[in-house]
Amino acid sequence: MALDVGVLGYRFMGTAHANAFARLPMFFPDTPAVTRDVLIGRDEEALENARTRLGFDRTATDWRSVVDEVDVFYNLGPNFLHAEPSIAALEAGVSVFSEKPLSATLDGATEMAAAARSAGVPTACGFNYRFVPAIRYARELIQSGTLGDIRTFRGRYLQDWLVDPEAPWSWRLDAELAGSGALGDLGAHTVDLARFLVGDAPGAGRIERVSGHLRTAVTERPVEDAPGETRPVTVDDEYTAQLAFEGGATGILEGSRIAPGHKNDHTIEIHGSEGSLRFSLERLNELAVLGQDDRGYETVLVTDESDPYIDHWWPPGHVLGWEHTFVHENASFLQAIADGAAYEPSFADGLAAQQVLAAIEASDESGSWERVLRDE
Ligand code: 4PW
């Protein structure tokens, strides 16, 4: 029987997930079938256009009226809207997928993770970069000891869509609506990859302490279609952070939405006692690996037998792109729901990342290193 899916949000992420729903029966035919039941939003005209384009059966302008009518609720709305509808769905026993960061606030994320624990149904936080074949291969290499003891994790995520001071204001630039800027939008992914790749590796483990710095370079931005009107920017344009892992490894993170020339540059470098590896999202079919044989970094083409998804797509060398990560993550999540099995990255992982982000913000305010505070 097909899973009825309700989706709040129909722009960037709504399209990315609807594309995944459409691809699944073609490329992952064993994944449970999905009925694109209801698309949720406020602007009726835009919503109806999106319903037709994205292939949903119906629309709703109030999430409250439909959140308990579906089998899976996808919360792809602005960050401030993640907590309340997701908790309501969980209280009705509905599985929930939330985009990242899990919430605009640490309190919201904590409540969402608690609701997920009580509901006991699979939840997902949208850390889609865990589903890049090269990242999964990197984890395998680290797990099998190829890099030895982990010593350094370096992660940067740079974009440039806010370089122009005339780029218009949006909810992503407001602390109440978004929580933070580059930190939550981009840093959440980097922190999650640190957890995924080295969170259980020798020498690294959990992130214990952080030192962070946030900066807003452009403090006012024009309001679209309102000549002469501006609004304040109350989130960071860029952040940097140092990490101390419990096993002794060090970490360096940076994120920016004002880095000219960098469109979606998420680069990870990991050094261990026996080798190193390097990954860049803009070349996501490759992984650079430095082994013990003194031959320098070698580029592994991940669209080969090391690609865990190769059987689902094209022959080796027929490269994958950004949108495939959403297909892989939805295949795993929907399968977990059908099997009643655990899924990762869950709301617990979303909360764990948010606790690190909160510590980075606290450090920016205090000017000191801060411990990452956890519930357990
Ligand atoms: O993964 C990225 C996000 O964190 C996306 O590619 C775009 O930039 C959308 O939001 C951020």
Side-chain angles (χ1 to χ4, degrees), residues 7-20 50 54 74-82 97-104 109 124-136 155-164 167-175 177-197 214 233 235-239 241 253-268 279-285 320-330 333 345 349-350 352-354 356-357 360-361:
V7 175
L8 188 161
Y10 51 84
R11 296 186 200 278
F12 193 178
M13 289 303 118
T15 306
H17 286 280
N19 175 61
L54 303 179
Y74 278 70
N75 193 333
L76 316 178
N79 303 345
F80 77 97
L81 255 187
H82 287 181
F97 182 108
S98 170
E99 265 307 332
K100 39 53 58 182
L102 190 57
S103 171
C125 185
F127 293 128
N128 56 309
Y129 299 132
R130 286 193 187 201
F131 297 90
V132 175
I135 292 291
R136 295 192 97 75
R156 66 174 208 200
Y157 197 157
L158 309 179
Q159 297 182 343
D160 66 1
W161 58 281
L162 288 174
V163 169
D164 182 354
W169 188 93
S170 75
W171 68 265
R172 289 174 187 272
L173 302 172
D174 183 274
L177 306 179
S180 61
L183 179 65
D185 194 22
L186 308 179
H189 279 302
T190 316
V191 168
D192 182 65
L193 286 189
R195 294 187 65 251
F196 182 60
L197 291 171
L214 277 62
V233 174
V235 298
D236 54 292
D237 286 322
E238 54 180 346
Y239 86 94
L253 308 187
E254 57 178 320
S256 172
R257 302 191 291 195
I258 53 166
H262 298 263
K263 300 296 174 200
N264 201 30
D265 174 8
H266 197 189
T267 298
I268 305 292
F279 166 79
S280 170
L281 182 61
E282 290 181 340
R283 301 183 71 87
L284 66 74
N285 291 276
L320 300 188
W322 178 81
E323 74 276 21
H324 293 90
T325 63
F326 291 85
V327 184
H328 302 161
E329 90 177 327
N330 278 289
F333 181 47
D349 295 293
Q354 196 121 8
V356 176
L357 302 181
I360 292 171
E361 278 192 282

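As the structure lists them, so they are numbered: ligands from 1, and atoms in each ligand from 1.
Contact atoms of ligand 1 toward Asn264: 6 (O) (distance under 4.0 Å to a heavy atom of the residue). The Trp322 neighbourhood of ligand 1 comprises atoms 6 (O), with distances under 4.0 Å to a heavy atom of that residue.
Scanning all heavy atoms of the two residues, the minimum distance from Phe279 to Leu284 falls at CE1-CA, 3.8 Å. In terms of heavy atoms, Arg130 sits closest to Leu193 at N-CD2, 4.1 Å. Nearest heavy-atom pair across Gly14 and Leu76 is CA-CD1, 3.7 Å.
In this structure, the protein non-hydrogen atom closest to atom 3 (C) of ligand 1 is Lys100 NZ, 3.5 Å. Nearest non-hydrogen protein atom to atom 2 (C) of ligand 1 is Tyr157 OH, 3.1 Å. Here the protein heavy atom with the shortest distance to atom 11 (C) of ligand 1 is Asp185 OD1, 3.3 Å. Among all non-hydrogen protein atoms, the one lying nearest atom 7 (C) of ligand 1 is Phe12 CE1, 3.6 Å. The protein atom (non-hydrogen) at minimum distance from atom 6 (O) of ligand 1 is Tyr129 OH, 3.4 Å.
For the pair Asp192 and Lys100, the salt-bridge criterion is not met [side-chain N within less than 4.0 Å of a carboxylate O].
Residue contacts with ligand 1, taken as heavy atom pairs separated by less than 4.0 Å, do not involve Asn128 at all. Contact annotation: for Arg172 versus ligand 1, heavy atoms closer than 4.0 Å belong to the side chain alone. No part of Phe127 comes within 4.0 Å of ligand 1, judged by heavy-atom distances.
Leu183 CG to Asp236 CG: the interatomic distance, rounded to the nearest 0.5 Å, is 5.5 Å.
Taking the six-membered ring where tryptophan is involved, the planes of His266 and His189 are tilted, since the angle between them lies from 30° to 60°.
Side-chain atoms of Glu99 and His17 include a donor-acceptor pair closer than 3.5 Å.
A 4.5 Å side-chain heavy-atom check between Cys125 and Asp349 finds every atom pair outside the cut-off.
Put simply, part of Gln159 is less than 4.0 Å from ligand 1, judged by heavy atoms.
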